[in-house]
Peer 1: 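Supplied in structure tokens, the structure appears directly below.
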Amino acid sequence: MKQDIPKAYNAQNVEDSIYKVWEESGFFNPDNLKGDKTFTISMPPPNATGQLHIGHAMFLTLQDLMIRYHRMLGEKTLWLPGTDHAAIATNAKVEKLLKEEGKTKYDLGQEKFIARVQEYIKQSQGTIRQQIRKVGSSCDWSRERYTMDEGLTKAVQTVFLNMYKDGLIYKGYRIVNWCPHCESTLADDEVEHKDQPAKLYYIKYGPFVVATSRPETKLGDTGVAVHPKDQRYKKYIGQIINIDLAGHKIKIKVFADKEVDQEFGTGAIGVTSAHSLVDFAFAEKHDLEKIQVINEKGTMTKAAGKYAGQKVLEARKNFLSDLSKAELLVKEEDYTQATAICYRCGTAVEPLMSSQWFVKVESLKKKAITAVKSKKIKIIPERFNKIYFQWMENLHDWCISRQIWFGHRMPVWYKKDDKEKNNPIVQIEDPGKGYFQESDTLDTWFSSGLWTFSTLGWPGKTEDFKNFHPTTVMETGYDIIFFWVARMILMSEYALQEIPFKTVYLHGLVRTRDGKKMSKSHPETCIDPLDAIKKYGCDALRMSLVVGNSAGNDLKIYDEKIENYRNFVNKLWNVSRYILMSSENLEIKELSINTLADQFIISRLQNIISSTTNNLNNFNFGQAGEDLYDFVWHDFADWYIEITKFQPNKEMLLFVLENILKLLHPFIPFVTEEIWKQFKQDELLMIEEWPKANNKLIDNKAEKEFDFLKDIIIQIRNLRSQYKIEPKKIITVYSRKKYADDEKKIIEKLGRCEIKVEWPDSKNKTSELANSHYKFSVVLGDLIDTAKEKKRLQQEIDGLKKYLTGLEKRLSNTNFIKKAPKNIVAQEKIKLAEKQKLLKDLKDNLDSL
RNA sequence: GGGUGUAUAGCUCAGUUGGUUAGAGCGUCACAUUGACAUUGUGAAGGUCUCUGGUUCGAGUCCAGAUACACCCACCA
């Protein structure tokens, strides 16, 4: 008999020590697990210098849930954790730190700057590691990786080298997205579009008028495009025209292209080859000169003539004023423009000419599309397939070089005298003196794309790689399907000719109660996972991140919700406390099923075991959690346990509890493990075997029978409540049916009544109750309010009549009889008979009042 | 411009391939309180399932259209 269990579950007192026991047990490591089948998840690596936010908490919970479930299924389960170097973000952070010391990165130089960054990461990496543990993550720390560690760097260099050899990586001079703030290129998907009010300026342009939202770029125009059939401009096609733009002289070539829309603007486009992607395409096609008028810092170049050295906006203002003075500015129009901005800093992206490294995607994307089309990779929810295909099909060559100092250096070298970097030498080994390495670094997503296999020791031929790749599930947010999921498929298909994972499970975003994205911009409604854990316990947080949500959908979270699951965790605690405290022997020798209640609970348990198993197999985590919540609180605690207070069955209580703990463990690992410890000191719930349903114990008849009993009790309680009968008063209930002793006792105890199996003297004032199976009446004596009772019955009769009318109509419809399945018709007929009988009973009752 | 999602009780959401009189939690109201649990128990009130058509014996569920909100993609100068 245990007496020393605290009344309320105190998560804070136990979580850390339980985590320590788990971690030290070695069972996070699949090497210590038995089983032939493997189950692998690569953890999406949080930023090495980051702080845990609610989004992390959500993915950690979902992944841990899967991992714990599969571990209990007896699979060799690997959850490989790690951190990401997050090039741009980390680079920026350290630059900021330097600035506080009054220094810039140029004072240090690239080598020392990187050393400084590494030092900073080392220092702050511990934070996120500890925070990942706080959520209960059962990942294998012995295999933890970091995107910049030696092995991963080797993988990056190897893939780069191979791609270069295969002609899939090339250096090209072309328009790229340039962020003047980050001073680096951006990939196409790192550019966001935001609608902004803008002005469209119409400029007189020799014989043409052209429209532009960026007048300053016109200083570098080298062409005018018109539609081949445009009568207005036909005569100019092929001519080279000198144009004076308020003193700035340009020479343009007029050419025809079907892409031009005659209706938009003036039908004539001033072509700025070096600062617009569309125009660049024109320039390539029609062989135009490309003049760069804006440089990497966002200032005008020498080619911009007298505007050289001015910032873009400044130059625009001055140029417009000059045009206006020269009467070349025809008109201005307001319109909304989708402005391209940097996804990281929000600065307007400057398209400009630059020599950069690219990945040729044409052949890769075909494979990546096939991988999903062929169903080798399954995306959950399915609708993201379409989004994935669309994106893949429109993918352009991927710019992978960044001018950020921190990141994977490319294995590219130049001779000391090749200052223009025209003749790259691609090899992993340093060619030694006389050479210098490319200072550009690689897009973070290049290394992230290798994550599923670079973390397993590839390119080495390791056991881990053989055993755990392809990984089983990739669980991540739908917001990085392009950045990351798509890249992993591309890279894995290229490097291994193999998919990186079999299933992609996409979760949604975590939002505040009013639907805002949880970010630092509205701290008032933001949930900090660490605060929530402190306040409500980790298990409560986990439940509220899982229940009420399904794949691909956003989740709203707020305090009351977490509080509710804290209450649930506490309920489970007290259920266990009750069972443990009232059980002298904690061993289950032989399970005996004696009563209807026993039959009911053991049957329901089998059902919940199989439904939970099915739901988890089908990634319906929310549903599984909700069903368990319901089973524990209502079926088990509210009904079964209450009944065992007068029909004890200690072994059954223990048995059901054990199973509940197992089923709930993947959702709420801490409290379940803590309770488990109370009666199995030397065993860990974490590696217990997942329950299997025993279909022989499923008893639908008993479940139905039990539901009728519940119905009777609820009706009696309802009546007591209506008549405000003192809770302690025992009332008399007459029943026409003779109940088995155990059933009779259940009604008597839970309805606080005494059952007499005889029909009451009609002179007694009674309230009569009935359901479709049993008729019974409650003697209320002087308490009865005839008028009230009549009204109640009348209401019930009215409702029933309405329902019967519908039912009769349905059954008299020959089409229904003919076309509906037979079992449905039969079912409806039974229903009709039952309800008619009930109606008659109710009417009799009313008459007798 | 192209695409996707969502719309069910005051709030947050379930509702599986169409088949009872549409469910839960929170909140609200009423009642209960020393023995697992007030982080509780018992009961109640609360819904034209956004709208309009259609398919069907039967639609919250399927189809079409509309409206509202959210999101993603996109190089119309």
Side-chain angles (χ1 to χ4, degrees), chain A residues 5 7-9 175 188-189 193 200 210-214 225 259-261 263-272 276-281 337-338 340 351 381 383-384 386-387 390-391 394 478-479 481-482 508-509 511 513 515 536 540 547-550 552-558 560-561 563-582 615 618 620 622-623 626 629-630 633-634 637-638 641-642 645 714 717-722 724 726-728 750 799-800 802-803 806-807 810 813-821 823-825 827-828 831 835:
Chain A
I5 306 171
K7 266 179 107 159
Y9 172 62
I175 295 244
D188 290 346
D189 50 352
H193 298 269
L200 200 59
V210 298
T212 180
S213 58
R214 302 200 50 197
E259 297 284 302
V260 180
D261 178 356
E263 305 300 318
F264 190 89
T266 59
I269 308 175
V271 177
T272 315
S276 153
L277 221 68
V278 196
D279 294 5
F280 180 81
Q337 189 191 32
R383 69 182 132 93
F384 283 95
K386 201 170 170 181
I387 295 172
Q390 221 168 33
W391 185 82
N394 293 320
Y478 66 69
D479 52 334
I481 179 167
F482 306 134
L509 301 174
R511 295 179 179 278
R513 181 174 215 133
Y536 305 107
V547 179
N549 190 230
S550 53
N553 292 321
D554 293 353
L555 170 82
K556 291 180 185 174
I557 192 169
Y558 38 86
E560 294 96 302
K561 203 165 174 175
E563 211 175 292
N564 178 240
Y565 290 111
R566 188 267 322 262
N567 295 354
F568 171 69
V569 167
N570 190 58
K571 185 75 184 180
L572 177 67
W573 177 258
N574 273 290
V575 161
S576 315
R577 178 170 179 254
Y578 172 67
I579 294 171
L580 292 167
M581 279 178 21
S582 55
N615 278 326
N618 295 315
N620 295 324
Q623 192 61 51
E626 199 176 321
Y629 177 102
D630 218 53
W633 205 316
H634 300 115
D638 289 350
I641 293 182
E642 286 309 311
K645 287 178 181 170
I714 286 166
R717 283 170 175 169
N718 196 340
L719 207 68
R720 298 183 64 113
S721 165
Q722 272 181 37
K724 303 209 187 304
E726 263 182 74
K728 280 178 186 161
L750 299 183
L800 198 56
K802 208 171 144 194
Y803 173 60
L807 205 56
R810 195 177 311 159
N813 183 340
T814 48
N815 273 330
F816 174 70
I817 306 289
K818 250 191 279 174
K819 293 187 180 172
N823 62 322
I824 298 287
V825 177
Q827 198 183 303
E828 297 286 288
K831 233 184 282 167
K835 297 294 171 182

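First the proteins, then the strands, lettered A, B, ... as listed; each starts at 1.
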Peer 1: Kindly express the pairing pattern of RNA chain B in dot-bracket notation, using | wherever a base pairs with another strand and counting only Watson-Crick or G-U pairs under 3.5 Å.
Peer 2: (((((((..((((.....[...)))).(((((.......))))).....(((((..]....))))))))))))....

Peer 1: Between A44(B) and U56(B), how far apart are the two P atoms, rounded to whole Å?
Peer 2: 41 Å

Peer 1: Does the side chain of K571(A) get closer than 4.0 angstrom to OP1 or OP2 of C37(B) through an N or O atom?
Peer 2: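 No, K571(A) has no side-chain N/O under 4.0 Å of OP1/OP2 on C37(B).
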
Peer 1: Quick check: closest heavy atoms across L200(A) and S213(A), and the distance to 0.1 Å?
Peer 2: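 Where L200(A) meets S213(A) most closely, the heavy atoms are CD1-N, 3.9 Å.
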
Peer 1: Starting from the C-alpha separation in whole Å, work towards a yes-or-no answer on side-chain hydrogen bond (donor to acceptor under 3.5 Å, both in side chains) for N553(A) and S550(A).
Peer 2: CA-CA 6 Å; N553(A) 292 321; S550(A) 53; 3.0 Å; yes

Peer 1: Provide the distance between the two C1' atoms, one in C49(B) and one in A32(B), to the nearest whole Å.
Peer 2: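 Straight-line distance between the two C1' atoms is 36 Å.
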
Peer 1: At their closest point, which heavy atom of Y558(A) faces which heavy atom of R513(A), and how far apart are they?
Peer 2: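 For Y558(A) versus R513(A), the nearest heavy atoms are CD1-NH1, 3.4 Å.
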
Peer 1: Would F384(A) and Y478(A) count as a close aromatic pair, with their ring centres under 6.0 Å?
Peer 2: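 Centroid separation for F384(A) and Y478(A): below 6.0 Å.
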
Peer 1: With sequence neighbours excluded, what pairs up with R720(A) under the side chain to side chain contact (heavy atoms under 4.5 Å, CB included) test?
Peer 2: I716(A), I725(A), K729(A), I731(A), R752(A)

Peer 1: Report all interatomic pairs (protein N or O, nucleotide N or O of nucleotides 60-63 of chain B) with separations under 3.5 Å.
Peer 2:
none

Peer 1: For C69(B) and A74(B), measure between their C1' atoms and round to the nearest Å.
Peer 2: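 C69(B) and A74(B) have their C1' atoms separated by 22 Å.
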
Peer 1: If you measure from the P atom in A9(B) to the same atom in G46(B), how many Å do you get, rounded?
Peer 2: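 Looking at atom P only, A9(B) and G46(B) are 14 Å apart.
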
Peer 1: Give K802(A) one of three labels, base, sugar-phosphate or nothing, depending on what nucleic acid heavy atoms sit under 4.0 Å from its own.
Peer 2: nothing

Peer 1: Are there over 12 heavy-atom neighbours, none belonging to K802(A), within less than 6.0 Å of that residue's NZ?
Peer 2: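 Incorrect, the count does not exceed 12.
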
Peer 1: Among all residues two or more places apart in sequence or in another chain, which pass the side chain to side chain contact (heavy atoms under 4.5 Å, CB included) test with F482(A)?
Peer 2: D189(A), I387(A), W391(A)

Peer 1: Determine the Euclidean distance between corresponding C1' atoms of G54(B) and A59(B); express it in Å to zero decimal places.
Peer 2: 11 Å

Peer 1: How does protein reach along nucleotides 67-77 of chain B, written 5' to 3' as B (base within reach of a heavy atom under 4.0 Å), S (only sugar-phosphate), or - (no contact)?
Peer 2: -----SSSBBB

Peer 1: Got a donor-acceptor contact below 3.5 angstrom from the N813(A) side chain to the N815(A) backbone?
Peer 2: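 Pair found, side chain donor or acceptor close to backbone of N815(A).
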
Peer 1: Side-chain N or O of K561(A) versus OP1/OP2 of U12(B): is the shortest distance under 4.0 Å?
Peer 2: no

Peer 1: Counting primed atoms plus P, OP1 and OP2 as sugar-phosphate and everything else as base, spell out the protein contacts along nucleotides 14-26 of chain B at 4.0 Å heavy-atom distance: B, S or - for each nucleotide, 5' to 3'.
Peer 2: S----BSB---SS

Peer 1: Distance check, C1' atoms only: C13(B) and U34(B), in whole angstrom units.
Peer 2: 38 Å

Peer 1: Students often get this wrong, so: under 4.0 angstrom with heavy atoms, is R383(A) touching a base, only sugar-phosphate, or nothing?
Peer 2: sugar-phosphate

Peer 1: Any N or O donor-acceptor pair linking the side chain of E726(A) to the base of A32(B) at under 3.5 Å?
Peer 2: no

Peer 1: For atom C1', what is the distance between U48(B) and A30(B), given to the nearest Å?
Peer 2: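 29 Å, rounded to whole Å.
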
Peer 1: Could a donor-acceptor pair under 3.5 angstrom be found where the side chain of K818(A) meets the base of C57(B)?
Peer 2: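 No.
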
Peer 1: Could you please name the option among U12(B), C37(B), G3(B) that lies closest to any side-chain atom of K556(A)?
Peer 2: U12(B)

Peer 1: Among C57(B), A36(B), U39(B), which nucleotide has an atom closest to any side-chain atom of N815(A)?
Peer 2: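 Selected nucleotide (nearest to the side chain): C57(B).
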
Peer 1: Rounded to whole angstroms, how far apart are CH2 on W573(A) and P on C37(B)?
Peer 2: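 So the two atoms are 13 Å apart, to the nearest Å.
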
Peer 1: If you measure from the P atom in C71(B) to the same atom in U17(B), how many Å do you get, rounded?
Peer 2: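 Pairwise P distance, C71(B) against U17(B), rounds to 29 Å.
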
Peer 1: Looking at the base of A36(B), is there any donor atom on it, or on the side chain of K645(A), that sits under 3.5 Å from an acceptor on the other one?
Peer 2: yes

